[in-house]
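Worksheet: the structure to be examined is printed underneath.
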Amino acid sequence: MGSVLREWIGFQQFPPATQSKLVELFAKLKEEGVDKLTILVMGKGGVGKSSTVNSLFGERVVNISSFQSEGFRPVMVSRNRAGFTLNIIDTPGLVEGGYVSYQALDLIKRFLLNKTIHVLLYVDRLDAYRVDDLDKQIIGAISDSFGKEIWSKSLLVLTHAQLCPPDDLSYDVFCARRSEAVLKTIRMGARIRKRDFEVICFFITCFSLSLSLSLTLI
């Protein structure tokens with residue numbers, strides 16, 4: 001016998017406006033014959049992927065320890081709310097020893113067999129002030145493994161947001177510049193033409209507004 005899908009009890013911890021938007025979204029999807037949403041969370045190690053998963057569910061569904069390395073295998077957590085199922089897949093970090101971990105990518109790819117991914121959350125740190133060649137290599141490796149189309153259903157999540165911006169920048173300006181830098185790295189790493197990426201960014205913005213999951217900055 002299959003296991004009973006657990007109720008999404010953390011749903012009640014979200015602000016009322018967020019709850020209303022989610023109920024509205026789920027109802028709209030169910031009208032279209034969709035009764036589940038599967039979200040894939042990816043990024044480097046230590047950027048807050050597991051904390052993001054916990055934040056989305058509103059409860060501690062993935063163990064986090066500052067003194068232990070991440071789990072080496074992907075794990076999917078599922079919750080049910082009013083007949084709608086939310087699946088979120090936490091994954092191992094994509095860097096090992098200063099290089100892209102193709103072993104981690106292979107594990108994720110095999111884990112995703114026969115699974116439809118509706119949203120990719122690409123997680124990075126807001127307080128990592130610069131991007132470098134390794135970031136581009138990670139994006140390129142994700143694109144090679146899953147196809148550059150994966151970015152058309154992606155949302156950028158910036159964590160570790162409790163910081164004082166440098167150079168006398170306002171918090172909003174710093175967040176915008178950091179987001180722009182990561183998005184530019186995604187475009188270059190995925191080798192997407194600028195005009196095509198502008199369409200993707202527009203889709204990401206619209207989808208982010210409609211999804212309205214109100215991610216907590218960690």
Looking at F26, does the NZ or CZ of K30 lie under 6.0 angstrom from its six-membered ring centre and within 45 degrees of the ring axis?
no

Take atom NZ of K115 as the centre, draw a 6.0 Å sphere, and report whether it contains more than 12 heavy atoms from other residues, nucleotides or ligands.
yes

Counting C-beta onward and ignoring hydrogens, is there a side-chain heavy-atom pair between L121 and S154 closer than 4.5 Å?
no

Same cluster (ILVMFWY, side-chain, under 4.5 Å), V75 and V41
no

Sequence neighbours left out, cut at 3.5 Å: what donor-acceptor pairs do the side chains of residues 81-88 make with other protein atoms?
residue, atom, partner, partner atom, Å
N87, OD1, S78, OG, 2.5
N87, ND2, T38, OG1, 3.2

Ignoring hydrogens and geometry beyond distance, is a side-chain donor-acceptor pair present between D135 and T185 at under 3.5 Å?
no

Any L120 side-chain heavy atom under 4.5 Å of L155 side chain
no

Does some side-chain heavy atom of R79 sit less than 4.5 Å from a side-chain heavy atom of V61?
yes

What I'd like to find out is whether the side chain of L134 reaches to under 4.5 Å of the side chain of V100, using heavy atoms alone.
yes

Spacing of Q137 atom CD and Y99 atom OH [to the nearest 0.5 Å]
9.0 Å

Report the distance from atom CE of M42 to atom CG of L105, rounding to the nearest 0.5 Å.
5.5 Å

Taking S143 for its side chain and I139 for its backbone only, find out whether a donor-acceptor pair lies under 3.5 Å.
yes

Same cluster for L37 and V157 if Ile/Leu/Val/Met/Phe/Trp/Tyr side chains link at under 4.5 Å?
yes

Side-chain heavy atoms nearer than 4.5 Å, only ILVMFWY residues, links allowed to pass through others: does that put I89 and I150 together?
yes

Between L107 and P74, which heavy-atom pair has the shortest distance, and what is it?
O-CG, 4.1 Å

Expected output: side-chain N80 to main-chain L5 donor-acceptor under 3.5 Å
no

Quick one: pull up CG in D124 and NE2 in H160 and give me the separation to the nearest 0.5 Å.
9.5 Å

Between R60 (side chain) and S51 (backbone), is there a donor-acceptor pair under 3.5 Å?
no

According to a 4.5 Å side-chain heavy-atom criterion applied to Ile, Leu, Val, Met, Phe, Trp and Tyr, with indirect links allowed, do I9 and V23 form part of one hydrophobic cluster?
no

Considering all heavy atoms, the nearest F14-L56 contact
CZ-O, 2.8 Å

Gap between atom CG of L156 and atom CD of E180 - 0.5 Å precision
11.5 Å

Minimal non-hydrogen separation, Y122 against G43, with atom names:
CE1-CA, 4.1 Å

Tell me, yes or no, whether the heavy-atom count around E7 atom CD, taken from other residues, nucleotides or ligands under 6.0 Å, exceeds 12.
yes

Hey, are the side chains of Q12 and E59 touching, using non-hydrogen atoms and a 4.5 Å cut-off?
no

Centroid separation Y129 to F174 less than 6.0 Å
yes

What distance do T52 atom OG1 and K49 atom NZ have between them, rounded to the nearest 0.5 Å?
9.0 Å

All heavy atoms of V77 vs all of F57, minimum pair found to be O-CZ, 3.4 Å

Interatomic spacing from CD1 in I186 to NZ in K136 - rounded to 0.5 Å:
13.0 Å

Determine whether V173 and P165 make a side-chain contact, defined as any pair of heavy atoms from C-beta on separated by less than 4.5 Å.
no

Tightest non-hydrogen contact, residues I117 and K153, listed as O-NZ, 3.0 Å

Flag yes if V62 and V119 sit in one hydrophobic cluster, no otherwise; membership is Ile, Leu, Val, Met, Phe, Trp, Tyr, and two members link when side-chain heavy atoms are under 4.5 Å apart.
yes

State whether the side chain of R125 and the backbone N or O of G46 hold a donor-acceptor pair below 3.5 Å, judged by distance alone.
yes

Within the structure provided, determine whether L169 and R177 are in side-chain contact (heavy-atom separation under 4.5 Å).
yes

Under 4.5 Å between any side-chain heavy atoms of E96 and Y102, yes or no?
no

Partner of D90 under side chain to side chain contact (heavy atoms under 4.5 Å, CB included), chosen from L40, I39, V53:
V53

Do the side chain of S152 and the main chain of E149 share a donor and acceptor less than 3.5 angstrom apart?
yes

To check you understand the geometry: which heavy-atom pair defines the closest contact between P92 and R73, and what is its length?
CD-C, 4.0 Å

